Amino acid sequence: MSLIFSVKRFFSLLAGILIFSTSFASGHSSEKEEKFNVGEMIMHHVSDAHEWHLWGGHHNSVSVYLPVILIDGGLKTFSSSHFYHGEPAVAVDHKTHEEITYMKGVGPAAGYAMHHEKIYKMQNEELSFEDGHVHGSVKPLDFSITKNVLSLFFGAVLILVILSNVMRFYRKNGSVSPRGLAKYLEVLILMVQDNIAKENIDKHKYKKYVPYLLTIFFFIFINNLLGLVPVIPGGANLTGNISVTLLLAVATLLVTLFSGNRNYWGHIFAMPGVPWPVLIILIPIELVGVFTKPFALMVRLFANMTAGHIIVLALVSIIFINQNATWGGLSVPMALFISTLELLVAFLQAFLFTMLSALFIGAAVEEAHH
Amino acid sequence: MGLITPDLGLIFWTGLVFLLLLFVLTKFIWKPILTSVNARAQKITDALELAEKTQAEMRALQARNENLLKEAKAERDAIVKDAKETAVKMVEDAKNAAKAEANKIVDSARVTINAEKTAAIAELKTQVAAISLEIAEKIIRGELSSDEKQKALAEKMAGDINLN
């Protein structure tokens with residue numbers, strides 16, 4: 001009951017923010033005659049950043065500036081405001097001869113420049129461009145606490161807070177029927193244990209993998225949901241970032257490879273009942289198959305979550321393209337609809353990732369039965 | 001394109017956070033939760049099993065009770081029937097015994113009466129004989145009270161013997 005209530009509240013909040021931000025932004029864009037670039041705005045929102053933009057345009061924008069951590073002949077840390085409030089610079093592309101703007105760092109960031117949220121070490125106090133890409137400058141190792149990293153930290157803390165609450169309930173009450181938060185989360189925990197792990201992995205071995213599957217499920221699910229919250233600390237497109245999905249897919253790949261038994265490797269390198277000349281063709285195919293499975297996991301989560309963000313942003317952008325707040329009458333209900341759909345997708349993608357991980361692990365630990 | 005280029009920094013942080021999360025959750029959270037939840041599931045399964053078993057037992061018990069009741073009833077009927085038979089037999093026996101006793105008593109009475117009668121007759125005979133003897137003595141004494149009478153008697157007796 002209270003979950004339905006909180007979902008309702010979430011939607012009214014979402015709707016409120018959408019309406020608020022549209023009226024706010026339309027006033028802002030009318031005073032500026034600059035052309036609104038939808039593609040750039042959307043890419044900016046779904047990409048990682050060194051600041052957490054709250055509101056406002058170029059000069060009167062309010063942001064949380066996040067720490068930059070560089071490893072470049074030693075550890076260098078400073079605020080990203082030294083880039084955002086740095087020295088604007090213009091370079092001419094060597095090939096396309098277009099003017100490209102970038103920001104030179106000032107103060108502790110001197111010697112570095114930022115272009116499209118990437119930090120470069122400048123050569124001769126400037127960046128040179130070729131085909132729109134930075135040319136000839138090295139990128140120092142960038143371990144900055146970016147928007148996504150901060151969202152990641154927040155998501156992790158949120159997961160710990162929620163789940164430790166559930167854990168305390170069971171520790172206090174023992175094996176009773178769940179109440180409160182435990183009532184809602186137990187369904188998910190049991191789903192992962194009984195419907196995902198037990199169904200896909202051998203029933204004598206599944207127990208070992210339940211913690212991994214639960215962690216991956218809640219990590220993706222909570223971060224998916226957090227990405228749908230339009231205000232700080234939500235809204236970062238963490239699970240729609242290829243780096244994150246890559247890491248999760250590699251984690252599943254490693255778990256699969258390290259749990260693979262004789263039977264699993266046997267089916268890759270010596271498919272039973274297949275004559276050896278055929279194996280010459282089959283082995284590369286099977287080896288590629290080992291990697292395409294996690295690759296599909298990576299792309300599926302990345303594409304689904306990024307697409308959801310892009311659609312919501314594009315629908316909201318209708319207002320800005322037309323420079324008229326009355327378009328909100330169309331754009332807001334549509335964005336609301338997609339946001340609702342995204343709630344489903346947030347769960348579905350977390351479920352699918354976990355399900356397929358369990359399936360791959362299950363195939364790796366399966367005993368031969370001929 | 002920037003969107004599909006993995007970023008080393010983010011991979012590093014995600015990996016760190018994910019591994020920490022995996023470790024902390026596995027050690028401190030999943031274990032107690034899963035233990036509790038699975039223990040409860042086991043408890044419910046056991047309880048259901050027990051309930052089913054108890055139900056079956058109850059049914060068996062009921063059937064046994066019914067059988068027992070039936071048997072008891074049959075036994076009671078048998079006992080009552082036996083008792084009736086016994087009672088009738090006892091009455092009969094008692095009657096027979098009483099009759100036999102009565103007959104016996106009557107028989108023995110008859111025997112006694114006969115014996116008494118015989119005894120009485122015998123005594124009567126004896127007394128009659130004694131009385132007869134006394135009378136005879138008295139008569140004889142009267143007969144023998146004088147010499148003539150003695151002589152007359154002796155002659156008479158002699159005359160009787162002569163006659164024989």
Side-chain angles (χ1 to χ4, degrees), chain A residues 43 46-48 69-70 116-118 139 141-146 148-149 152-153 155-156 159-160 163-164 166-171 173-178 182 185-186 189-190 193-194 207 210-212 214-216 218-219 238 240-248 250-251 298-299 302 306, chain B residues 1-70:
Chain A
M43 280 307 138
V46 297
S47 307
D48 206 358
I69 301 169
L70 297 178
H116 280 177
E117 299 294 341
K118 291 266 184 291
K139 279 198 282 183
L141 289 177
D142 184 1
F143 289 101
S144 303
I145 308 299
T146 58
N148 278 338
V149 175
L152 173 77
F153 290 164
I159 290 170
L160 283 177
L163 290 172
S164 59
V166 174
M167 184 268 288
R168 272 199 303 276
F169 171 83
Y170 286 111
R171 180 159 283 177
N173 300 294
S175 300
V176 296
S177 57
L185 289 202
E186 192 189 294
I189 293 171
L190 284 179
Q193 186 195 240
D194 297 341
K207 278 215 161 84
V210 170
Y212 172 73
L214 278 168
T215 308
I216 213 155
F218 278 94
F219 183 83
L238 181 70
N241 191 297
I242 197 88
S243 311
V244 175
T245 62
L246 171 75
L247 185 107
L248 295 175
V250 167
M298 173 184 83
V299 173
F302 156 75
T306 301
Chain B
M1 215 170 125
L3 208 55
I4 52 166
T5 316
D7 177 72
L8 185 70
L10 188 54
I11 291 178
F12 166 76
W13 287 115
T14 311
L16 186 71
V17 169
F18 184 74
L19 282 181
L20 279 175
L21 210 56
L22 185 62
F23 175 75
V24 172
L25 288 178
T26 304
K27 200 158 164 56
F28 300 109
I29 292 186
W30 298 135
K31 222 178 223 173
I33 290 180
L34 288 176
T35 310
S36 280
V37 168
N38 289 336
R40 197 190 62 213
Q42 192 59 47
K43 215 163 85 178
I44 292 170
T45 315
D46 288 353
L48 280 176
E49 235 164 65
L50 190 71
E52 219 156 275
K53 227 161 70 184
T54 314
Q55 219 168 19
E57 256 167 42
M58 278 286 284
R59 232 174 280 137
L61 213 67
Q62 233 163 12
R64 222 168 57 199
N65 278 357
E66 234 158 74
N67 276 355
L68 224 62
L69 207 67
K70 231 182 260 170

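These numbers come from a predicted model, not from an experiment. Chain identifiers are assigned alphabetically (A, B, ...) following the order of the sequence lines, protein sequences preceding nucleic acid strands; residue numbering begins at 1 within each chain.
Contact count against chain A (heavy-atom pairs under 4.5 Å) is highest for Ile11(B) among Thr35(B), Leu19(B), Ile11(B). Among Val24(B), Ile44(B), Leu34(B), Leu20(B), the residue with the largest count of heavy-atom pairs under 4.5 Å with chain A is Leu34(B).
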**OP:** Could you walk me through whether Asn241(A) and Leu10(B) pass the side-chain contact (heavy atoms from CB on, under 4.5 Å) test, one step at a time?
**Re:** CA-CA 9 Å; Asn241(A) 191 297; Leu10(B) 188 54; 3.4 Å; yes

**OP:** Using the side-chain hydrogen bond (donor to acceptor under 3.5 Å, both in side chains) rule, take Thr215(A) and Trp30(B) through it: C-alpha gap first, then chi angles, then the decisive distance, then the call.
**Re:** CA-CA 9 Å; Thr215(A) 308; Trp30(B) 298 135; 3.0 Å; yes

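Of all the heavy atoms in Leu3(B) and Phe302(A), the pair that sits closest is O-CE1, 3.6 Å. For the residue pair Val176(A) and Arg40(B), the shortest heavy atom distance occurs at O-NH1, 2.9 Å. Between Thr5(B) and Ser243(A) the shortest heavy-atom distance is O-OG, 4.5 Å. In terms of heavy-atom proximity, Leu160(A) sits nearest to Leu21(B) at CG-CD1, 3.9 Å. In terms of heavy-atom proximity, Pro211(A) sits nearest to Leu22(B) at O-CD1, 4.1 Å. Here the closest heavy-atom approach between residue Ser144(A) and residue Trp13(B) is recorded as O-NE1, 3.5 Å.
Only the side chain of Thr306(A) comes within contact range of chain B, with heavy atoms under 4.5 Å apart. Contact of Asp142(A) with chain B is made through the backbone alone, with heavy-atom distances under 4.5 Å. Neither the backbone nor the side chain of Asp194(A) comes within contact range of chain B; no heavy atom of the residue lies under 4.5 Å from a heavy atom of that chain. For Ala251(A), the part lying near chain B is the side chain, with the backbone staying farther off; criterion is any non-hydrogen pair under 4.5 Å.
Remark: Leu25(B) CG to Leu214(A) CG distance equals 9.0 Å, nearest 0.5 Å. Rounding to the nearest 0.5 Å gives a distance of 7.5 Å between CG of Leu190(A) and CG of Asn38(B). Rounding to the nearest 0.5 angstrom, the gap separating the CD1 atom in Ile33(B) from the CZ atom in Phe169(A) is 10.5 Å. Residue Leu246(A) holds its CG atom at 12.5 Å from CD1 of Ile4(B), rounded to the nearest 0.5 Å.
Aromatic ring pairs are classed by plane angle as parallel below 30°, tilted from 30° to 60° and perpendicular above 60°; the pair Phe219(A) and Phe18(B) is perpendicular.
Shown here are the salt bridge (Lys or Arg N to Asp or Glu O under 4.0 Å) partners of Glu117(A), two or more places apart in sequence or in another chain: there are none.
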